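Data block below; observations after.
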Amino acid sequence: MLEDMLNYAEQLRERPVWQPIPQSIHDRFQENLPQQGTELALLHQRFLTEIMPYSIGNAHPGFMGWVQGGGTPVGMVAEMLAAGLNANVGGREQVPISVEKQILRWMRELFQFPETANGLFVTGTSLANLIAVLIARTTHLGVQARRDGIAHGDKKLTAYTSAGAHGSVSQAMDLAGFGTAALRPIPMNAAYQLDLDKLRAAIQTDKAAGFEPFLIIGSAGTVDVGAIDDLTALANIAQAENCWFHVDGAYGALGMLSPQIAPRLCGIERASSIAFDFHKWGQVPYDAGYILVRDGAQQLATFSAPAHYLKRETRGMAAGSPWPCDLGPDLSRGFRALKTWFTIATFGAEKLGQIINNTCELAQYLKQRVEQEPQLELLAPVNLNIVCFRYVGTSKLSASDLNNLNTELVIRLQESGVVAPSSTLIQHQFAIRAAIVNHRTTRLDMDNLINTTLLLGGELGIAATHP
Ligand SMILES: *Cc1c(COP(=O)(O)O)cnc(C)c1O
């Protein structure tokens, strides 16, 4: 099995990135509950023929959809060790928790956070954003908000983020009980950053109307175009307005590992909390999200809850308090820190930073190639590792025809098995969106994307002008 997966990683280029899944394969997973066991070798065979060929393909160098990491064999083997140990790192006296604390120490160092900072592995940035909103709530209203809820009292709290922020930010406001309407989406400037004047104006309008601003969420790498908000300016506004300053740095925050990108994240070191994923630019296998909180005491105050069966001691297995379960909503938790520790320790921060910078250089190369082709049009500035463009062809097509053509084109690119971008809307224009995250991706994949887009776009363009 180990050999299968090592071969898989080695021979990725010979496979399609993704392929349409036959109904017969879907049907194979419609069986009744097995009363008797099946031989492992048979199940393994089923894995090889029915599961492995039909995953989404984010390990493949031609994968450019959404923002997904490619993982490494080192991470894979570490995951196997973690599963073998079957550690539950919710708490108690065990070195797996020291490994998680080692990662905390590294992250404090990377983001220049103080000794008092704390942090926690979670599934991903979606949950990390929710945790940040909850800590911001408890800090603003006091711990009694945990008992009384946010509706208690007459405060009408509001939060602020860029209109380009990820959907999980608004979802966090929903799940935390504020409702999505309490989050003010602030329009972006020409560089797709949160417009600071509009933020200041929105805060003043809200305060005049009796609202109480409590949270500002900056983006370090927006999901559509990879824009980084002016984090220093946001930190200043948050400080002046007595707001929690959270940064959604899902993939962008680890740009701190690259000397070329780190200066653009200036101000992130002043955040109250940062959410990010090791499973994106960090190349750690899924899932490995993280929340880093400047004031660890606030994180503890938000989540710790005494329970008799979780009684702490100073010796024995129930020592080592506070436990990770005091810092977030999970009690039982897997050992995500191990694959992250192996990945960072094996490659080193410098190498990981080079990989991150390389994906940005590939995006610049792709941008140049798009600009050199008259049949292609660049739709957004290329800030980091994301390129948004579309096929326009040689004959004049209407706005809606262009949107229809590119919608179909993205599907055909995915079905080609050669490259797999995803899509987004940039000012009502349907865009082919290529996000370069994977360490295996090279210029060859950029050339493949351009060539396949021109080929398939040409076919669709002819069909559109001669229906
Ligand atoms: C991916 C992403 C998220 C969500 O992270 P998950 O790990 O998928 O939960 C949030 N914000 C941004 C900017 C992202 O790119």
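The figures that follow rest on heavy atoms only: side chains count, while hydrogens, waters and symmetry mates do not. None of the values given here were measured: they were computed from a predicted structure. In each ligand, atom 1 is the first atom listed, and ligand 1 is the first ligand listed.
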- Query: Which atoms of ligand 1 have any heavy atom of Gly124 under 4.0 Å away?
  - Reply: 7 (O), 9 (O)

- Message: Tell me the protein heavy atom at minimum distance from atom 7 (O) of ligand 1, and give that distance in Å.
- Response: Asp277 OD2, 2.7 Å

- Give me the ring orientation class for Tyr290 and Phe276: parallel if the planes are under 30° apart, tilted from 30 to 60°, perpendicular past 60°. tilted

- Message: More than 12 heavy atoms of other residues, nucleotides or ligands under 6.0 Å from CD of Gln11: yes or no?
- Response: yes

- Note on the structure: In terms of heavy-atom contacts, Tyr286 and Gly69 come closest through OH-N, 3.4 Å

- Do any nitrogen or oxygen atoms of Thr125 lie less than 3.5 angstrom from nitrogen or oxygen atoms of ligand 1? yes

- Honestly, for Tyr251 the part within reach of ligand 1 (heavy atoms, under 4.0 Å) is side chain

- Task: May I ask you to check if ligand 1 and Ser168 share an N or O to N or O distance below 3.5 Å?
- Result: no

- Message: Show the atoms of ligand 1 that are less than 4.0 angstrom away from any heavy atom in Ala250.
- Response: 2 (C), 3 (C), 10 (C), 11 (N), 12 (C), 13 (C), 14 (C), 15 (O)

- Task: Select one of side chain, backbone, both or neither to describe which atoms of Asp248 lie under 4.0 Å from any atom of ligand 1, heavy atoms only.
- Result: side chain

- Is there at least one pair of N or O atoms, one from His279 and one from ligand 1, spaced under 3.5 Å apart? yes

- Quick one: look up the protein heavy atom nearest atom 13 (C) of ligand 1 and list residue, atom name and how far away it is. Gly221 O, 3.5 Å

- Item | Pairwise side-chain contact, Pro421 with Leu413, heavy-atom cut-off 4.5 Å (strictly under) | yes

- Item | Nearest non-hydrogen protein atom, atom 1 (C) of ligand 1 | Lys280 NZ, 1.4 Å

- Message: If you count every heavy atom of other residues, nucleotides or ligands that lies below 6.0 Å from Glu350 atom CD, does the total exceed 12?
- Response: no

- State whether the number of non-hydrogen atoms from other residues, nucleotides or ligands found under 6.0 Å of Arg105 atom CZ is greater than 12. no

- Closest non-hydrogen protein atom to atom 9 (O) of ligand 1, residue and atom name please, with distance? Ser126 OG, 2.6 Å

- Task: Mind checking the NE2-OG1 spacing from His279 to Thr125? Nearest 0.5 Å is all I need.
- Result: 6.0 Å

- Task: Could you check Gln298, His246, Gln299 and say which one makes a side-chain hydrogen bond (donor to acceptor under 3.5 Å, both in side chains) with Ser273?
- Result: His246

